[in-house]
Amino acid sequence: MPRNIIDVTDLTIEEINQLIATAEDILAHPAKYQDACAHKQLATLFFEPSTRTRLSFESAMLALGGSVLGFSEAASSSTAKGETVGDTVHTVSCYADIIAMRHPKEGAPFAAAQFSEVPIINAGDGGHNHPTQTLTDLLTIRREKGRLDNFTIGFCGDLKFGRTVHSLVNALSRYENIRFVLISPMELKLPRYVKEEALKKRGIPYEQTENLETVMPRLDILYMTRVQKERFFNEEDYLRLKDSYILTPEKLEPAKPDLSILHPLPRVNEIAVAVDKDPRAAYWKQVKNGKFIRMALILKLLDIHV
Ligand code: NCD
C-alpha cells in the first residue's frame, strides 16, 4: 500500500517537524533539489476550483525537476461522462507517481485512495480537511515565530465550513501549550466533531466568542478565513454572514506588535487591502511557503533523499 496523506494526523509530529526542516533547507539551497524528482510525474486532479493549492503543487514538482499532468475541473475529465472517482484515480495512478486531489465531497480522497497504486494527497475535501494547507501554515508560524508551541492563536470567520481551520486546529492541538480562541458568528462555530477529537479528548482548553475586538490584544497569531459561500445551503444566510469580520488597520491598533496575521487565501473582503502593508501580515509569505512544504512532502512520499 502506498503512503497517503488524507488527514493531518496521518503524519506524526516528528514527521511534520522533519518536513518543516526539509522545506527550510530547500528554501536555503534550492539548487540542491532541482533534479531530485527527475522523470517523476505528479498528477493534480482538481474537481473543485483552486489557484494556490494546485499551482503550488505543480510549481513544487517542476522545481524538483519532475513533470506534471492533470485537470483543473471535473467537467474536462471523464467524470462528466459518469465515471466514478475510484475509476478516475485508478486510471491516473497508471500514469503518475503521485496524485494530489481536491474534491467537493468530504471523504472522497480517502475513498479514492483505495483504488490507487501510488500515494494520494488530499488537497482539500469539501468542508472537511486540508492537510497540506496546514503544513503550509505550520511552516509559516515556525518561520514567523521561531516556534510551534506556547502561543495564543485566534481563528476568525467561518470555522464551520473552513477545512483549513479543522486541520490546523487538529495539528496544533498536538503541540505544547497552545491556547485556542475561536471567533465566529453563532452559526459558523467550529464543528462539534473537531472540538471533540482535537481539543476535548486531549483536555485542551479553548474559548469561543463572537467578538474579535475584545480578544485582539491577547493574540500571538490571528488566522482569518473566508466565509465559504459554496458550502451554504441558501444565499440569504451567506449574505447575512459574509461581512461578519473585516480586518482593518484600525482594528489592529490594540494588537500585539509581534502578532502574525495568517489567511489561507483567497480573501474576499475579510482583510482590507490596507492591512497588506502592515509588517504583521504574513499571508503573502504563507503563499510562498506553500510551494516549499509541498516540495518536502513530495520528496517524503516518493521516498527520495537528497
Ligand atoms: C482554502 C481552501 O481551499 O480550503 N484555500 C486554499 O487552499 N489556500 C481556503 C478557502 O478557500 O477559503
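Keep in mind that this is a model prediction, so the values were computed, not measured. Read the numbers this way: they start at 1 and go in the same order the structure lists the ligands and their atoms.
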Nearest candidate to atom 7 (O) of ligand 1, where distance is taken over non-hydrogen atoms, out of Gln286, His130, Arg52: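 Closest candidate by heavy-atom distance is His130.
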Looking at ligand 1, does any of its N/O atoms fall within less than 3.5 Å of an N/O of [X]?
{"X": "Arg102", "result": "yes"}
{"X": "Leu265", "result": "yes"}
{"X": "Thr164", "result": "no"}
{"X": "Gln228", "result": "yes"}

Contact with ligand 1 for Gly124, non-hydrogen, under 4.0 angstrom: no
Parallel, tilted or perpendicular, as decided by the 30° and 60° cut-offs, for the rings of Tyr193 and His166: perpendicular
Just which atoms of ligand 1 are under 4.0 Å from any heavy atom in [X]?
{"X": "Arg226", "result": "10 (C), 11 (O), 12 (O)"}
{"X": "Gln133", "result": "6 (C), 7 (O), 8 (N)"}
{"X": "Thr53", "result": "6 (C), 7 (O)"}

Pair Asp125 + Arg163, salt bridge at N-O below 4.0 Å: no
[Y] backbone acceptor or donor facing [X] side chain under 3.5 Å:
{"X": "Tyr245", "Y": "Ile271", "value": "no"}
{"X": "Asn234", "Y": "Asp237", "value": "yes"}
{"X": "Ser184", "Y": "Cys156", "value": "no"}

Protein heavy-atom partner closest to atom 4 (O) of ligand 1 - residue, atom, separation in Å: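 For atom 4 (O) of ligand 1, the nearest protein heavy atom is Arg163 NE, 2.7 Å.
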In one Ile/Leu/Val/Met/Phe/Trp/Tyr side-chain cluster, 4.5 Å: Val169, Leu11: yes
Donor on one side chain, acceptor on other, Asp158 and Tyr238, under 3.5 Å: no
